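Each residue takes its place number in the sequence, starting with 1. Model, not experiment: these values are computed from the prediction.
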Amino acid sequence: MTERRTIRVLVGRGGNRRRRASIALVVLVGALSLAASVYGSSVIATPISSDPYTNASSQHRTQLEPDSFGYGNTVVATFQTGRFFDGGASNIGWATTTNAGRTWTTGMLPGTTVYEGGPWTRISDPAVAYDPLHNVWMISTLAIDANVSGAAILTSRSTDGGLTWGQPVTTSASSGTFYDKNWITCDTWPQSPHFGNCYQEWDDSTLYMSTSSDGGLTWGPKKTPGSSGIGGQPVVQPNGTVVVTYEGGAGIRAFRSTDGGNTWLPSVAVATISEHNVAGNLRTSPLPSSEVAGDGRVFVAWQDCSFRSGCSSNDIVYSTSMDGVAWTAKVRVPIDPTNSGVDHFIPGFAVDRASSGGSTRLALGYYYYPVAACTSATCQLTVGFTSSTNGGATWTPGRKVAGPISLSWIASTNQGVMVGDYMSTSFAGGTFAFPIFAVAKAKTGTTFDERAYSARFDVTLPSDRAKVRTRREPILARGHRPVEEFEHLPIPN
């Protein structure tokens, strides 16, 4: 483990811009209410980390593409830090709250890239999981070599509640191929026959899985269901079944394991995808965001224009399943009318594992353009939030969390400007939902100000009880992207 020193400061522009991973910063949330006035919103969006690096080869100060996981009063978030134009980042940052969002402790993973004493040139694609049996938090990452190729899947571990992190374990090393889009989850259900197993997913032309039963110290051989795709997200049901949703073929698909990851069954179709191309050269893709409820119902959400006439903009839609095989028809989250002209994308879908059935608590963070028909100069990138306390029967009106953000303020990549191929929302502290997202303000010269942020919502508050009802609506458009575009989308990290 790295030595931990805690400094109670605000994460801001002052001070030494190069902080080592062994230094943890505690962000005092109450002192950062200025974020609300900056963005003209009643929601307080709190910066929880900042890019400390100065290497000239990547873009600073940038943080983007967050994931998170919540358990008890703890949320651990993670994100790329110091984005390179052609793939990956200087390192992976993390931020942890152990008191349901009152304070956040933040730092950088040790032993990963050359900027933190590690062997790798770059790193990307962070994802978080928690193993309650072994009391270990884990961050899965994609190591990138000097040829900008996905070279290994790494696992960083924390045994003190996400406050310090050890040297990474190599889950799997590539043999000259191209690893991409890893994800991680653990079996958190004490009643499961595989309680304490953890599962990692990645793709390398085909999708692969690896299993650990010792808190992420060692990982089994890679196994495959024989499926091709990208963006797989495994979740575990209370009976121990692992369900992995991913983007593949012409839509969202899923495969599963019923024996603790020993074998993986062939995939099934979840739903077709119809996607409106998001304006402004913003990097997006209909990658799934998946979660599971206390009764085992799996939810998978993605951006989709099926309910909009002429595929004029995207909604966030979702499908559910009790067994990973039979899936419901996709429905849209009714954030606004289908003729609103608003474009919604990059969902971070959360399900409260302590809820189930008709009382399942759902939360959704997402980005949107108030006007879909915009340009790189005029698009107003905004963060929104909505929630449901009845399994999606009704949803609260969408709330603005942060923005508008000019596209010129966010990191540039060879596939467009970027806040992330995904974002995240997690439940913790009872009924609190925490969206984790990237927010940018105007650059200072050539220096960015794009950082990881969070907000906290109690989804049961009376002020949120004005509901928008979900209803089945006709699908107005289909198939606006050719099938061949989905065979294997090489989104380079």
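- A side-chain donor-acceptor contact under 3.5 Å links Thr171 and Gln200.
- Taking the six-membered ring where the residue is Trp, the centroids of Phe385 and Phe457 are separated by under 6.0 Å.
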**Message:** Under the criterion side-chain hydrogen bond (donor to acceptor under 3.5 Å, both in side chains), I'd like the reasoning laid out for Thr74 against Thr98: C-alpha separation, chi angles, the key distance, then a yes or no.
**Reply:** CA-CA 4 Å; Thr74 297; Thr98 59; 5.4 Å; no
**Request:** In sequence, state the C-alpha distance, the side-chain angles, and the governing distance for Phe345 and Tyr369, and then conclude on ring-ring contact (aromatic ring centres under 6.0 Å, His included).
**Result:** CA-CA 9 Å; Phe345 39 84; Tyr369 289 154; 5.0 Å; yes
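- His60 has its side chain within reach of Ser58: a pair of non-hydrogen atoms, C-beta onward, lies under 4.5 Å apart.
- Ring geometry for Tyr53 against Tyr115 counts as tilted: the plane angle lies between 30° and 60°, on a 0 to 90° scale.
- Salt-bridge formation is not detected for the pair Asp51/Arg61: no Lys NZ or Arg NE/NH1/NH2 atom is positioned less than 4.0 Å from an Asp or Glu carboxylate oxygen.
- In this structure, Trp183 has its ring center under 6.0 Å from that of Tyr422.
- We find that Arg308 and Asp315 are joined by a salt bridge, their nearest charged nitrogen and carboxylate oxygen being less than 4.0 Å apart.
- Applying the ring pair (Phe, Tyr, Trp, His ring centres under 6.0 Å) rule to Phe434 yields no partners; only residues at least two apart in sequence or on another chain are considered.
- Classification of Glu65 and Lys181 as a salt-bridged pair holds, one side-chain N sitting under 4.0 Å from a carboxylate O.
- Ring centroid separation for the pair Phe349 and Tyr318 comes in under the 6.0 Å cut-off.
- Of the options Asp180, Ile92, Ile123, Leu154, a side chain to side chain contact (heavy atoms under 4.5 Å, CB included) to Leu142 is made by Asp180 and by none of the others.
- Rounding to the nearest 0.5 Å gives a distance of 10.5 Å between CZ of Arg83 and OG of Ser90.
- Between atom OG1 of residue Thr272 and atom CZ of residue Arg253 there is a gap of 12.0 Å, rounded to the nearest 0.5 Å.
- Results of the side-chain hydrogen bond (donor to acceptor under 3.5 Å, both in side chains) test with Ser49 over Thr105, Thr81, Thr106 single out Thr106 as the only residue that passes.
- Ring geometry, Tyr130 versus Tyr71: the interplanar angle falls from 30° to 60°, so the pair is classed tilted.
- Proximity of Ser156 to Met138: side-chain heavy atoms (C-beta onward) are nowhere separated by under 4.5 Å.
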